[in-house]
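Read the structure below first, then the notes.
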Protein chains: 2
Amino acid sequence: MGKMTKVMHEALPLNSILDGDCIEAMNSLPEGSIDLIFADPPYNLQLRGDLHRPDNSKVDAVDDAWDQFASFRKYDEFTQAWLKAAKRLLKPNGAIWVIGSYHNIFRVGAELQNQGFWMLNDVVWRKSNPMPNFRGKRLTNAHETLIWASKTESSKYTFNYEALKALNEGTQMRSDWVLPICTGHERLKNDAGDKAHPTQKPESLLHRVLVATTNPGDVVLDPFFGTGTTGAVAKKLGRDFIGIEREAAYREVAEKRLKNVRKFDRSSLEVTQSKRAEPRVPFGQLVERGMLTPGEELWSLNGRHKAKIRADGTLIGDDVKGSIHQVGAALEGAPSCNGWTYWTFKRDGKKVPIDLLRQQIRAEMN
Amino acid sequence: MGKMTKVMHEALPLNSILDGDCIEAMNSLPEGSIDLIFADPPYNLQLRGDLHRPDNSKVDAVDDAWDQFASFRKYDEFTQAWLKAAKRLLKPNGAIWVIGSYHNIFRVGAELQNQGFWMLNDVVWRKSNPMPNFRGKRLTNAHETLIWASKTESSKYTFNYEALKALNEGTQMRSDWVLPICTGHERLKNDAGDKAHPTQKPESLLHRVLVATTNPGDVVLDPFFGTGTTGAVAKKLGRDFIGIEREAAYREVAEKRLKNVRKFDRSSLEVTQSKRAEPRVPFGQLVERGMLTPGEELWSLNGRHKAKIRADGTLIGDDVKGSIHQVGAALEGAPSCNGWTYWTFKRDGKKVPIDLLRQQIRAEMN
DNA sequence: TGCGGAAGTGAATCCGATG
DNA sequence: GCATCGGATTCACTTCCGC
């Protein structure tokens, strides 16, 4: 830690929000001065028409001007420019996080590689409460992707292995993180009572990122600051931050938010702990995994009924189709039925409850 | 379905493994003949090491940004070539799956977009038993990424929504799939007792992919066939496959494997159907058949509105005339309305949904 | 104050057959 | 090709309101 470092450090506009275009603002900062960059760039969503929920309410789309690009080419030029500015800012051992969805993350990832960033992990944020796919035309888009990369292959990047292991109840942290989206009181509102920003990220996500890859006193830059989640968590954790945001409305909300944040607030630490309840195992998984095969027959425990397994994990009995529970109930003439305890399969001439297979899967999961 | 389709179909080398380079082999097949492509391309190809310029001059170690670019460029050229060949092969409503890790998936995803494929989802295969990160320098790499894309934006791609919902015990399938890696008896060994292929995919993964996005009788191509997981699952599920594999050792293992695979019986391949597949019943038919009579009144399910049936099967409410859907939408001030579930008629003083009558007619049709 | 039910909502590339 | 229109489609939360 020589004199130069100290001087440069003091020149940085620490713990403030810069106004303006992120590339110009980054270029105004001294080279090699930042420990970590967290970036949540526009995703370049290409939404066509309106979308309604089955109850006819309208989905509030992300249709802001800042998310519009004329073409992939324009988006790539933008990505190239801000990543170049970002790389210049990083210290030799610095690193970057970028978050995105399938609309943009592949382009960002390729450009990171092109510029010589060194990928350390891609991380999946699995949303515990995502918005469903209302029209039933695709899979529920239940995750977003983060890329964690060091400035160069030889960078001695920061990784607090033990801290993350502790966060994960003593076992190594994996590349998939289950966290809820930002809702409720954490979700900032404007004066009209509407959400202040369409894509506010949860503090729990930033908490994990900053605990994992920075140390207290590090300087964290967020070139797409928005309403300042990165700044808020950095302040709580005793890291310095610099935000860049060109929309005045977002800056205002962020300033107000940051004023009320205190260091070492433990609230964001209390991420909804994984429920100790037994994980749900869909019956279909037994079929996919080959523990039972399509065409195989199941017998009811009482021996009075049987049904055949189909490729999608449903059963087909006499004139009845549906889940293990539905078919069991129908055959028994009962209002409901726990298929797991009702059905058995035959192995070596003996009836074995299918619940045994579920227990096997659950054992593997622990 | 004319003669041409039939002839082309018969010309395909169905349920066999082609020897040779995947691009040449693909180009030898007829255009527009494939329903689905599943591809697990290599990602270590020239990505690290073996760094020579095209003229074979040695690469300066200092110049490592350029090195990476050079090797990435080679990989991109390869990706470009095989994706182009793949797109040519797909039917207009065809689709592709590609699986990869952070080493290559960003480049593949960007190229898919560049070539005009239309991304439908990125899917995360969340491994339930990944290899830990032994050195503790990064996060446990616990997932791989799949991209599902249709040939073009306007393709009417296949998606068996209800079947996947059934596989997931009644709630719609998400973009994160928890499945174990391929181990145990499923993991193929060579004569020396070592694993026959370094990255054999689990059949459960292919099961889900094929149930989701193909129908029985579809043609599935796998240009990087390896030990033939795609073929094995396709055969079980009553889909036709074409494999391409240039390594003789893998082809041998795959041939042997496929010989022992049996197709599931036909009825178990049928999968839960969507309501959209049901025949359309015009509301007017209920009136024609006398199930409802002109002049009779319908009440909305919520009890707030009523309307009178006219002889032509339209409704008339307060200042609104039109179909059951149009009148329902107008009265609710909603953008659209499913009249079948919105309206009820009275029998013995009780409200009965008109959809019950439609179900009666549909039952008669079978 | 507590509880039960209704209402609201989230980075979404979200229809398809018929005329 | 484009306009029209039938009609299919949602999960895990949260807050708020009424009793």
Side-chain angles (χ1 to χ4, degrees), chain A residues 40-64 66-69 72 99-105 125 127-145 180-187 189 193-195 197-202 224 226 272 275, chain B residues 93 113 117-122 148-150 153-154 156-157 159 161-162 165 168 170-175 273-284 302 313 322-329 334-343 354-355 358:
Chain A
D40 183 9
Y43 287 9
N44 189 24
L45 300 186
Q46 292 158 55
L47 306 178
R48 299 304 191 230
D50 287 342
L51 179 65
H52 295 267
R53 298 184 183 79
D55 66 4
N56 269 324
S57 61
K58 192 178 159 197
V59 174
D60 187 13
V62 180
D63 51 6
D64 307 71
W66 50 254
D67 199 46
Q68 308 295 321
F69 292 82
F72 282 134
I99 184 168
S101 66
Y102 67 85
H103 311 85
N104 72 321
I105 198 65
W125 169 25
K127 302 179 183 182
S128 57
N129 50 347
M131 190 165 76
N133 185 292
F134 294 118
R135 304 296 296 263
K137 301 307 294 180
R138 303 182 179 190
L139 301 162
T140 304
N141 203 346
H143 75 274
E144 293 189 26
T145 301
I181 61 177
C182 183
T183 60
H185 293 300
E186 191 188 331
R187 189 81 192 214
K189 306 287 191 297
D194 301 318
K195 58 188 173 192
H197 193 284
T199 70
Q200 186 184 339
K201 296 293 175 289
F224 307 98
T272 42
K275 288 170 197 151
Chain B
N93 293 333
Q113 291 180 315
F117 287 94
W118 191 244
M119 285 205 185
L120 300 168
N121 277 114
D122 60 336
W148 173 37
S150 57
E153 183 179 354
S154 57
K156 306 278 177 243
Y157 57 91
F159 180 53
Y161 173 76
E162 291 294 343
K165 196 172 167 178
N168 199 34
T171 54
Q172 64 179 209
M173 187 66 81
R174 301 167 37 118
S175 57
Q273 288 298 312
S274 151
K275 271 193 205 164
R276 278 182 264 250
E278 306 257 349
R280 181 175 288 192
V281 177
F283 175 72
N302 59 29
S323 71
I324 51 172
H325 315 294
Q326 289 167 332
V327 174
S336 73
C337 172
N338 183 343
W340 289 107
T341 53
Y342 180 75
W343 294 108
I354 60 172
D355 201 34
R358 180 170 67 161

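Reminder, nothing fancy here: chain letters follow the sequence lines and each chain counts from 1.
Nucleic acid contact class of A:Pro130 (heavy atoms, under 4.0 Å, all strands): base. Across all strands shown, A:Asp40 has heavy atoms under 4.0 Å from base atoms, whether or not it also approaches the sugar-phosphate. Across all strands, A:Gly100 comes closer than 4.0 Å to no nucleic acid atom at all (heavy-atom distances). Residue-level contact check: B:Tyr161 touches the backbone only, with heavy atoms under 4.0 Å from sugar-phosphate atoms and none from bases. Note on B:Arg276: only backbone sugar-phosphate atoms sit closer than 4.0 angstrom, heavy atoms only; bases stay farther off. Among the atoms of the strands shown, none is found under 4.0 Å from any heavy atom of B:Arg174. Contacts of B:Gln326 with the nucleic acid, taken as non-hydrogen atoms under 4.0 Å apart, involve only primed sugar atoms and P, OP1 or OP2. Here B:Glu162 lies in heavy-atom contact (under 4.0 Å) with sugar-phosphate atoms only. Counting any heavy atom pair closer than 4.0 Å across all strands shown, B:Cys337 reaches a base atom. Using a 4.0 Å heavy-atom cutoff across all strands shown, A:Pro202 reaches no nucleic acid atom at all.
Of the charged side-chain nitrogens involved, at least one lies within less than 4.0 Å of a carboxylate oxygen, so that A:Arg48 and B:Glu153 count as a salt-bridged pair.
Base-pair partner of C:dG2: D:dC19 (Watson-Crick or G-U wobble, both distances under 3.5 Å). Shown here, D:dA8 forms no base pair; nothing in the strands shown gives a Watson-Crick or G-U wobble contact with both key distances under 3.5 Å. With a cut-off of 3.5 Å on both Watson-Crick or G-U wobble distances, the partner of C:dC14 is given as none.
Residue-to-nucleotide contacts include a donor-acceptor pair under 3.5 Å from the side chain of A:Arg53 to the base of C:dG10. In this model, a side-chain donor or acceptor of B:Ser336 finds a partner on the base of D:dA8 within 3.5 Å.
Distances shorter than 4.0 Å separate none of the side-chain N or O atoms of A:Arg187 from OP1 or OP2 on C:dG8. Taking only side-chain nitrogens and oxygens, A:His185 never comes nearer than 4.0 Å to OP1 or OP2 of D:dT14. Regarding contacts with the backbone of C:dC15, a side-chain N or O of A:Arg135 is found under 4.0 angstrom from either OP1 or OP2. Within the 4.0 Å cut-off from OP1 or OP2 of D:dT10, at least one side-chain nitrogen or oxygen of B:Lys165 is found. Within the structure, a side-chain polar atom (N or O) of B:Asn338 is placed less than 4.0 Å from OP1 or OP2 of D:dA8. At D:dC5, none of the side-chain N or O atoms of B:His325 fall inside 4.0 Å of OP1 or OP2 (strictly under the cut-off). At the phosphate of C:dA12, neither OP1 nor OP2 sits under 4.0 Å from any side-chain N or O atom of A:Thr140.
Distance CD (A:Glu186) to P (D:dT15): 11 Å, rounded to an integer number of Å. Computed from coordinates, the B:Asp355 CG to D:dA8 C1' distance equals 11 Å when rounded to whole Å. Per the geometry, CZ belonging to A:Arg48 stands 11 Å off P belonging to C:dC15, to the nearest Å. Taking atom CZ of residue B:Phe283 and atom C1' of nucleotide D:dG7, one finds them 14 Å apart after rounding to whole Å. Rounded to an integer number of Å, the gap from CG of A:Leu139 to C1' of D:dC11 is 15 Å.
Judged by closest nucleotide on DNA chain D, A:Pro54 is the one of A:Gly184 and A:Pro54 placed further toward the 5' end. For B:Ser323 and A:His52, each mapped to the nucleotide of DNA chain D holding its nearest heavy atom, the one lying further toward the 5' end belongs to B:Ser323.
Remark: the separation of the P atoms in D:dG7 and C:dA12 is 29 Å, to the nearest Å.
A donor-acceptor pair under 3.5 Å is absent between the side-chain atoms of A:Asn56 and the main chain of B:Pro335, judged by distance alone. The main-chain N or O of A:Ile181 is found under 3.5 Å from a side-chain atom of A:Asn129 such that the two form a donor-acceptor pair.
No close placement of the A:Phe224 and A:Trp66 rings is indicated, their centers lying 6.0 Å or farther apart.
Two residues are said to be in side-chain contact when any heavy atoms from C-beta on lie closer than 4.5 Å; A:Gln46 and A:His103 fail this criterion. For the pair B:Tyr161 and B:Ser274, the minimum side-chain heavy-atom distance is 4.5 Å or more. Using a 4.5 Å heavy-atom cutoff, the side chains of B:Met173 and A:Thr140 are not in contact.
Considering only the side chain of A:Lys137, C:dC15 comes nearest among D:dG7, C:dC15, C:dG10.
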